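Following: one structure in structure tokens, then a few remarks.
Fair warning: this is a prediction, and the values are worked out from it, not measured in the lab.
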Amino acid sequence: MNFLKFRIMKTKFLLPYRLKFVGWVLFLLGLFLLGFALITRTEEPDFLNTEVFALAAKVIQLGETETTTYFKFIENNIFDEIVELLLIIGGLCIAFSKHKNEDEFISKLRLDSLLWATYINYGVLIFSILFIYELSFFYVLVANMFTILLLFIIRFYWVLAKSSKFEAYEN
């Protein structure tokens with residue numbers, strides 16, 4: 001009986017398994033909205049224009065110089081914030097929800113995939129610091145917010161699918 005206690009992996013910081021499905025829904029919704037915005041190249045939806053509290057914001061108005069405001073309410077379209085939150089929260093739920101059969105193998109695979117994704121992510125960032133400038137660098141930084149999660153998810157599930165242990169879980 002004690003043998004069974006040691007076989008089950010106790011994980012303190014992983015999310016419950018049921019959040020994996022929620023994560024996929026949020027992540028795919030975020031990708032759909034992002035893809036729709038990129039394909040149609042339309043203006044952000046007007047109904048998402050709202051007053052938001054900004055800790056800091058550079059406000060650029062036509063014909064005036066840009067000003068930086070602190071701790072004020074500003075007018076902003078929150079479409080991009082919604083998409084970013086959907087992608088990040090969804091990605092976190094996918095990446096860090098328990099696997100159905102969480103054990104030492106899955107835990108090691110999770111750690112290896114996270115380490116690999118971190119190395120690649122910061123490698124891309126270092127390359128970008130050296131060779132990409134101005135507003136293009138800002139776009140790289142925005143994409144860099146999602147890269148580590150995306151790389152982790154891709155590698156984790158790729159290696160899991162390729163492993164012989166994965167086949168044992170399916171049977």
Item to complete: Output all residues satisfying salt bridge (Lys or Arg N to Asp or Glu O under 4.0 Å) with R155, sequence neighbours left out; order by chain, then residue number.
Response: none
Worksheet item: With sequence neighbours left out, what residues match E81 under side-chain hydrogen bond (donor to acceptor under 3.5 Å, both in side chains)?
Response: N76
Discussion item. Filter on ring-ring contact (aromatic ring centres under 6.0 Å, His included), then keep only pairs touching residues 109-131, sequence neighbours left out; what's left?
Written reply: F127-F131
Fill in: Set of residues satisfying side-chain contact (heavy atoms from CB on, under 4.5 Å) with respect to K108, sequence neighbours excluded
D112
Response to the item:
Contacts satisfying ring-ring contact (aromatic ring centres under 6.0 Å, His included) that involve residues 19-52 (not counting sequence neighbours) are none
Item to complete: Applying side-chain contact (heavy atoms from CB on, under 4.5 Å), name anything that partners L34, two or more places apart in sequence or on another chain.
Response: L38, V83, L87
Discussion item. If I take atom CG from residue L125 and atom CD1 from residue I129, how far apart are they, to the nearest 0.5 angstrom?
Written reply: 4.0 Å
Worksheet entry | salt bridge (Lys or Arg N to Asp or Glu O under 4.0 Å) partners of D80, counting only residues at least two apart | none
Fill in: Donor-acceptor under 3.5 Å (S113 side chain, R110 main chain)
no
Worksheet item: Does any pair with a residue in residues 137-153 pass salt bridge (Lys or Arg N to Asp or Glu O under 4.0 Å), and if so which ones, sequence neighbours excluded?
Response: none
Discussion item. Would you compute the distance between atom CD1 of I120 and atom CD1 of I154 and round it to the nearest 0.5 angstrom?
Written reply: 11.5 Å
Worksheet entry | Listed partners of L130 passing side-chain contact (heavy atoms from CB on, under 4.5 Å), at least two apart | I126
Discussion item. According to side-chain hydrogen bond (donor to acceptor under 3.5 Å, both in side chains), does anything in residues 88-97 pair up with another residue at least two apart or in another chain? List the pairs.
Written reply: none
Discussion item. Could you go through V52 and T50, starting from their C-alpha distance and side-chain angles, then the distance that decides it, and tell me whether this counts as side-chain contact (heavy atoms from CB on, under 4.5 Å)?
Written reply: CA-CA 6 Å; V52 294; T50 187; 3.8 Å; yes
Practice prompt. Kindly work out whether a path of hydrophobic side-chain contacts (I/L/V/M/F/W/Y, heavy atoms less than 4.5 Å apart) joins L33 to V142.
Written response: yes
Worksheet item: If you look only at pairs with a residue in residues 125-148, which of them pass as a side-chain hydrogen bond (donor to acceptor under 3.5 Å, both in side chains), with sequence neighbours excluded?
Response: N121-N144
Response to the item:
To the nearest 0.5 Å, atom CD1 of I94 lies from atom CZ of F152 at 11.0 Å
Discussion item. Looking at every heavy atom in both A117 and I148, which two are closest together, and how far apart are they?
Written reply: CB-O, 3.6 Å
Worksheet item: By side-chain contact (heavy atoms from CB on, under 4.5 Å), which residues pair with A143, not counting sequence neighbours?
Response: none
Item to complete: Hey, can you tell me if H99 and F156 have their rings parallel, tilted or perpendicular (30° and 60° cut-offs)?
Response: perpendicular
